[in-house]
Amino acid sequence: MRGPTITFPDGTRRDFDHPPTGAEIAAAISRELAERALAVMVDGELRDLSEPITTDATVRIVTPEDPEALPLIRHDAAHVMAEAVQKLYPGTQVTIGPAIENGFYYDFARDEPFTPEDLAKIEQAMAEIVRADKPFVREEVSREEARRRFAALGETYKLEILDSIPEGERITIYRQGDWFDLCRGPHGPSTGRIGAFKLLKVAGAYWRGDPKRPMLQRIYGTAFPTKEELDRYLHQLAEAERRDHRRLGREMDLFHFQEEAAGSAFWHPRGWTLWREIESYMRRRLAAAGYVEVKTPQLIDRSLWERSGHWEKFREHMFTLEFEDRALAIKPMNCPGHVQIFNTRLRSYRELPLRIAEFGSCHRKEPSGALHGLMRVRAFTQDDAHIFCTPDQITAETAAFCALLMSVYRDFGFEQVRIRFADRPAVRAGDDAVWDQAESALWQAVRETGLEVTLNPGEGAFYGPKLEFVLQDAIGRDWQCGTLQVDFVLPERLDASYIGADGGKHRPVMLHRAILGSLERFIGILIEQYAGRLPLWLAPVQVVVATVTNDADSYAREVADLLARQGLRVELDISADKISYKVRQHSLAKVPVIAVVGRREAEERRLVLRRLGEQAQEQLDLETAAARLAGEATPPDLARGGATRPPAAQ
RNA sequence: GCCGGCGUAGCUCAAUUGGCAGAGCAUCCGCCUUGUAAGCGGGGGGUUGAGGGUUCGAGUCCCUCCGCCGGCACCA
């Protein structure tokens, strides 16, 4: 019989006289490829090397360098770990164990917890299985056969997974030696091909992610084709740890947390300086973009939250209190407050779009387990704004917002931004015609930005579609900060209206939008982005003037005064310590510029500048140095010569 | 909220099977007047997260609570 024609990535073809396996194809090309092959891509689908290819196909042999190799060997490692665990801890049930972004995990059902010492033992047992180089054998079985085999082992979770596999789908078991697992595959040729692996942590995880179901024990690990790649990844983890904003926040004396106020930051002078610099910058950008700024109450009566719908939808997240027979809530959001301002008088279409901004201080009942430094807090400040506009202004307002947001992110040093488009959810308010209009207006706007947009289906708010802006930091982590949400519901509920050109009353649309999201979180992200070494314009202390000897004290004072008059944030260090000690202290505190002054500088009226982390020094006369530093420390928007102050109040 | 781990001086960490709570750094005082990432000497500093229990005796063992860390769930 005739076999299939196999086409290779370079376009060459080869005919086979029988359905060849991936392994055979690799062997037909070269012995080296056969030895290095892990799996095979068949018409874009990853398959086992052992599976015969029955039809004409385009085929690529996957080797350890290919991007497909990583998830494959990690999945292999998950199986090896599961075997090791069941060997060491009989009675432990296996559940699921996939490859994930940076490694793999496997969830186990076992009454006793795994300890860190257990992880070491499991690693050793895994190493043995890897050394034994057992082939992964794929077996296609009937549902009944699979049921019988897992029932015999008492693997109730596997039986549940089996039941959830749709009728008609192939059921496969992967075996390594005498251990096997229900698995869709594919897998590498054998356990010996895993390369380098390491178990990282153990954690609880609900079965099927459902808090009402049993808590399983999840062991996380990672695997790479080579030891070097594993070491590089472990080094990266250490790097992330080094950048941790919680550690840097303490070391740089920016903020602290304490038990009595869990989830709320205490901002220290330096941290608050950073905060105010960011706030001032945002204020200028917003004013220049035609926003007005307001401040709305912290405590608002329950009745308003009932009308806005928050009482029904959001009550469990709100802090409430009683006072003089009134039920009050600390605001978790600013939108109802902004509508109150909109509603204070009859609005004309000529006022629209009306952009109302607030650095809104909000509180939410975040579960204790969710708290995480500045990234997840109970008290936070949003750079919030609500744009009241007509439906046909949505596109232009969205486009303008996207442009503003991108420019702001760039100023803070973030270049990589993705947009997720969250469209209509299954349960929603408003009829489909309204949703059609809102979604198409948003789509049109994001297309104009030219940015990458991915669909996040069904994840829109119940009142309208939304855009989520995800930025990527210096070490590749994603952070969702910005958002823009189209809202037809709140204006209705709180009865916002304006008089149109036709003289009739109309309902405005509200665009909820934020760029930084929460100031707290954004500062956390900034600290990690820069590993604490903030750009000069953001640094809480921009320059320290440090003396070599006390003889230079009066000149140092003069220098510090001059720099301060240039608007720089300066500190003076005339302590009796050695200059090398001072340099070390201020370097550890991440001060960007140290100006060293000794006798020579005082006599010549010069300044020697030392940049953070650099050994090189720059010698300048005093006035030149002051002017240069002041120039470098100018916030990016002002450096561009944009609006330097908000327009005069109306 | 759930699972697991952790909680000792401002920070980083010690303290034998339950047996006198310690070191370095920081702080304070003194000396040194210094040239680019730690000069020298001395002093002070603790209800070992909180509360309860076991014990002659608890940082150490047990219980409850709080907080932190890693995940899970949550993130309207």
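To find a chain, count down the sequence lines: A is the first, B the second, and so on, and within it residues start at 1.
As rounded to the nearest Å, B:C3 and B:G43 have C1' atoms that lie 48 Å from one another. On the P atoms, B:G39 is 28 Å away from B:G22, given to the nearest whole Å. Remark: the separation of the C1' atoms in B:C13 and B:A50 is 23 Å, to the nearest Å. Nucleotides B:C61 and B:U54 are separated by 8 Å at their C1' atoms, to the nearest Å.
Ring geometry for A:Phe255 against A:His245 counts as tilted: the plane angle lies between 30° and 60°, on a 0 to 90° scale. Classified by interplanar angle (parallel below 30°, tilted 30° to 60°, perpendicular above 60°), the ring pair A:Phe401/A:Phe469 is perpendicular. By the 30° and 60° cut-offs, the orientation of the rings of A:His386 relative to A:His512 is perpendicular.
Of the side-chain N and O atoms in A:Arg246, one or more sit less than 4.0 angstrom from OP1 or OP2 of B:C69. Phosphate contact (OP1/OP2 of B:G39, side-chain N/O of A:Ser580, threshold under 4.0 Å): present. A sub-4.0 Å separation between OP1 or OP2 of B:G39 and a side-chain N or O of A:Lys578 is absent. Put simply, A:His372 has a side-chain N or O that comes within less than 4.0 Å of OP1 or OP2 on B:G70. At least one side-chain nitrogen or oxygen of A:Arg250 sits closer than 4.0 Å to the OP1 or OP2 atom of B:U12.
Although no hydrogens or angles enter the test, the distance criterion places no donor-acceptor pair under 3.5 Å between the side chain of A:Lys331 and the main chain of A:His363. Of the possible polar contacts, none joining the A:Asp577 side chain to the A:Tyr581 backbone as a donor-acceptor pair under 3.5 Å is found.
Not counting sequence neighbours, the partners of A:Tyr206 by the side-chain contact (heavy atoms from CB on, under 4.5 Å) test are A:Pro211, A:Met215. Scanning for side-chain contact (heavy atoms from CB on, under 4.5 Å) contacts around A:Val608 gives A:Glu601, A:Gln617, A:Gln619, with sequence neighbours left out. For A:Leu371, the side-chain contact (heavy atoms from CB on, under 4.5 Å) test picks out A:Ala262, A:Glu366, A:Arg378, with sequence neighbours left out.
Of the residues near RNA chain B, A:Phe314 and A:Leu612, the one whose nearest nucleotide (by heavy atom distance) lies more toward the 5' end is A:Leu612. Closest-nucleotide positions on RNA chain B for A:Gly369 and A:Pro113 were compared, and the one nearer the 5' end corresponds to A:Gly369.
At the heavy-atom level, A:Tyr105 lies nowhere under 4.0 Å from the strands shown. At a threshold of 4.0 angstrom between heavy atoms, the contacts of A:Gln258 with the nucleic acid are absent. The residue A:Ala203 sits close to a base: some heavy atom pair falls under 4.0 Å. Note on A:Lys313: nothing from the nucleic acid sits closer than 4.0 angstrom, heavy atoms only. Within 4.0 Å of A:Gly209, counting heavy atoms only, lie sugar-phosphate atoms of the nucleic acid but no base atom. Contacts of A:Arg218 with the nucleic acid, taken as non-hydrogen atoms under 4.0 Å apart, involve only primed sugar atoms and P, OP1 or OP2.
For the pair A:Arg110 and A:Tyr89, the distance from NZ or CZ to the six-membered ring centre is under 6.0 Å and the angle to the ring normal is within 45 degrees. A cation-pi arrangement, defined by a distance under 6.0 Å to the six-membered ring centre and an angle within 45 degrees of its axis, is present between A:Arg74 and A:Phe224.
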Identify all pairs in which a protein N or O lies below 3.5 Å from an N or O of nucleotides 23-26 of chain B, and state each distance.
residue, atom, partner, partner atom, Å
B:A26, OP1, A:Tyr581, OH, 3.0

Atom pairs, N/O to N/O, protein against nucleotides 40-50 of chain B, distance under 3.5 Å?
none

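Residue A:Tyr206 places a side-chain atom within donor-acceptor reach of the base of B:G1, judged by atom type and a 3.5 Å distance cut-off alone. Residue-to-nucleotide contacts include a donor-acceptor pair under 3.5 Å from the side chain of A:Glu601 to the base of B:G35. Put simply, the side chain of A:Arg247 and the base of B:C11 share no donor and acceptor less than 3.5 Å apart.
In this structure, of B:C32, B:G35, B:A73, it is B:C32 that holds the atom nearest to the side chain of A:Ala576.
Ring pair A:Phe104/A:His79: centre-to-centre distance not below 6.0 Å.
Residue A:Arg218 forms a side chain to side chain contact (heavy atoms under 4.5 Å, CB included) with just one option from A:Tyr106, A:Phe108, A:Phe114, A:Tyr105, and that option is A:Tyr105.
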(message) As a check on the pairing definition, encode RNA chain B in dot-bracket form, counting Watson-Crick and G-U wobble pairs whose two distances are under 3.5 Å, and using | for partners outside this strand.
(response) (((((((..((((.....[..))))..((((.......))))......(((((..]....))))))))))))....
